[in-house]
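A quick write-up on the structure given underneath.
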Amino acid sequence: MASSSLLPKTISPFLTNPPSLPPAHFTAKPSFFNPLADHHLPCPRKPSILPPYAKKKNPWIDIFDDGEDPDMEYGSLYVDGKQDEDTRPVDNPDNPYGFLKFPKGYNVEVAQLGLKIRGDVRRCCCMVSGGVYENLLFFPVIQMLKDRYPGILVDVLASDRGKQCYELNKNVRWANVYDPDGDPDPAIYTDMIGVMKNRYYDLILSTKLAGLGHASFMFMSSARDKVSYIYPNVNAAGAGLLLTETFTPDSTNLSEGGYHMYHQMLDWLGRPIYNVARQPVPPLRVSISRKLKEYVQAKYRAAGAEKGKYIVIHGIESDSKASMQSRGDTDSLLPLEVWDQIADVISGFKPVFVIPHAKERENVEEIIYNEDIGIVLITTPGQLAALINDSAGVIATNTAAIQLANAREKPSIALFGSEEKGKVFVPNAEEKKCIIVSSKTGKLKDIDVGAVKQGMQIFDMSLALV
């Protein structure tokens, strides 16, 4: 009897004296079974107003993470302002991988403390989905990285067509062919993971809509920060657990966003943080090498054109991949019969037709009756940029030629299937010296040639200014 009476006596003080333990210990227990219940619990911290770019924390990643402490005061050397240029020894020109560029985890005293505390980015990899058009519009993102993180080294993974764009970008260190949208062999897949791990990236940006598979690929790269677009539907399930930051587009076709298709990523990269003001979005600009200019100059001179006295015509109907269309506008190529009418209204300049494949030369010579034309075979965006740079202007459909003309500040006439697409792909057209001509029927082949003729005055104005 004595032993049986001991049990209620030892338990009863614990049950009759609950204030001996803080109440918070009991209220926090349900959060282990229901992470979403954490948001309904009283919090001793002061409520903080989140900026518009801040996103709600995912409770499944860390149920105890309530975000940044609003009472935290920054002021140390390593947490304020932008990062400094890399102070490590100079590269060895005989070594393609540099000299004394110690990777993460080795000779830690060489790297600055701000690399961890302030979140400095020394090496960044950009995985760009799409072709020439999408990679050209990614140039402002690369320039934003260079402005926001001084001394950063930027590498790019893109498709075989997309990689050709980076001969126009001096801010890119290495550009490798790896199509994020493709289905690579297991050997290529694992080899690329090894390449990315060996380069010790601090940040990886991806414009491919990520599901669990692509998020796993980025996670296995061992980069510190992994940032990507994700599917706006159920295909994104599980991707957010493996990524540092995610962006959800309005549709599954990111290219439909036009010129500002990467606005969410630009907004996140340029956000004000650590006493650094918001970084302005840079315009699209390209740089052309002297060697490329000389190569293209020989081409258009062989076609009978002179510098500054010809107009580039781009966007003829063809099945070639070198047409440089946007994935967000499939109706962006005109039949040669319509181009024949447009060539007839050009006066004072020599029309130079850009063909994406040699087989199109015979078609142009048969259908275009104007004998005073030039035909130039252009297959890369670098050659097209050099051709536009020496021209008086551009008449093109919604291809890379319009964006390159705006990047080189050349007058242009852009032909679109609808007025809405013109506003999306060429915003602020007047500031860019661009006249948008749209079809009234919604089909590009029904474009009004008379409206194109009226827009020809923009080339005369630019010639007068010169």
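In this chain, residues are counted from 1 in sequence order.
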Shortest non-hydrogen contact from [X] to [Y]?
X	Y	result
L269	L205	CD1-CD1, 4.0 Å
T399	H314	OG1-ND1, 2.8 Å
P249	L254	CB-CD1, 3.7 Å
K146	I152	NZ-O, 3.1 Å
T379	P356	CG2-O, 3.7 Å

Looking only at side-chain N and O atoms, does [Y] offer a donor or acceptor that is under 3.5 Å from a partner on [X]?
X	Y	value
E134	S255	yes
S439	T441	yes
Y133	Q325	no
N135	Y166	yes
Q164	T380	no
Q143	N171	yes
S206	H214	yes

With a 4.5 Å heavy-atom cut-off, do [X] and [Y] have their side chains touching?
X	Y	value
I288	R408	yes
Q264	Y229	yes
S438	S418	no
I193	S221	no
L157	M192	yes

I'd like to know if [X] and [Y] make a salt bridge, using a cut-off of under 4.0 Å between side-chain N and carboxylate O.
X	Y	result
D181	R327	yes
D202	R123	no
R285	E409	yes
D319	K359	yes
K445	D331	no
K350	D372	yes

Ring centroids only, cut at 6.0 angstrom: are F217 and Y189 within range, meaning strictly under it? yes
Under 6.0 Å between the ring centres of F425 and Y259? no
Tell me whether the count of non-hydrogen atoms from other residues, nucleotides or ligands lying under 6.0 Å of NZ in K293 goes above 12. yes
For the residue pair Y300 and Y310, does the interplanar ring angle fall in the parallel (under 30°), tilted (30 to 60°) or perpendicular (over 60°) class? tilted
Has the side chain of [X] got a donor or acceptor atom that lies under 3.5 Å from a matching backbone atom of [Y]?
X	Y	result
S412	A414	no
N406	I402	yes
K433	E430	no
S129	T207	no
N198	G194	yes
T397	S332	yes
R271	W268	yes
S159	G130	yes

Report the C-alpha separation of C126 and F138 in whole Å, then their side-chain angles, then the decisive distance to 0.1 Å, and conclude whether the side chain to side chain contact (heavy atoms under 4.5 Å, CB included) test is met. CA-CA 9 Å; C126 302; F138 193 77; 3.6 Å; yes
Check the pair N363 / E360 against side-chain hydrogen bond (donor to acceptor under 3.5 Å, both in side chains), numbers first and verdict last. CA-CA 5 Å; N363 297 333; E360 302 294 343; 3.3 Å; yes
Pairwise distance OG(S228) to CD1(I230) - rounded to 0.5 angstrom: 8.0 Å
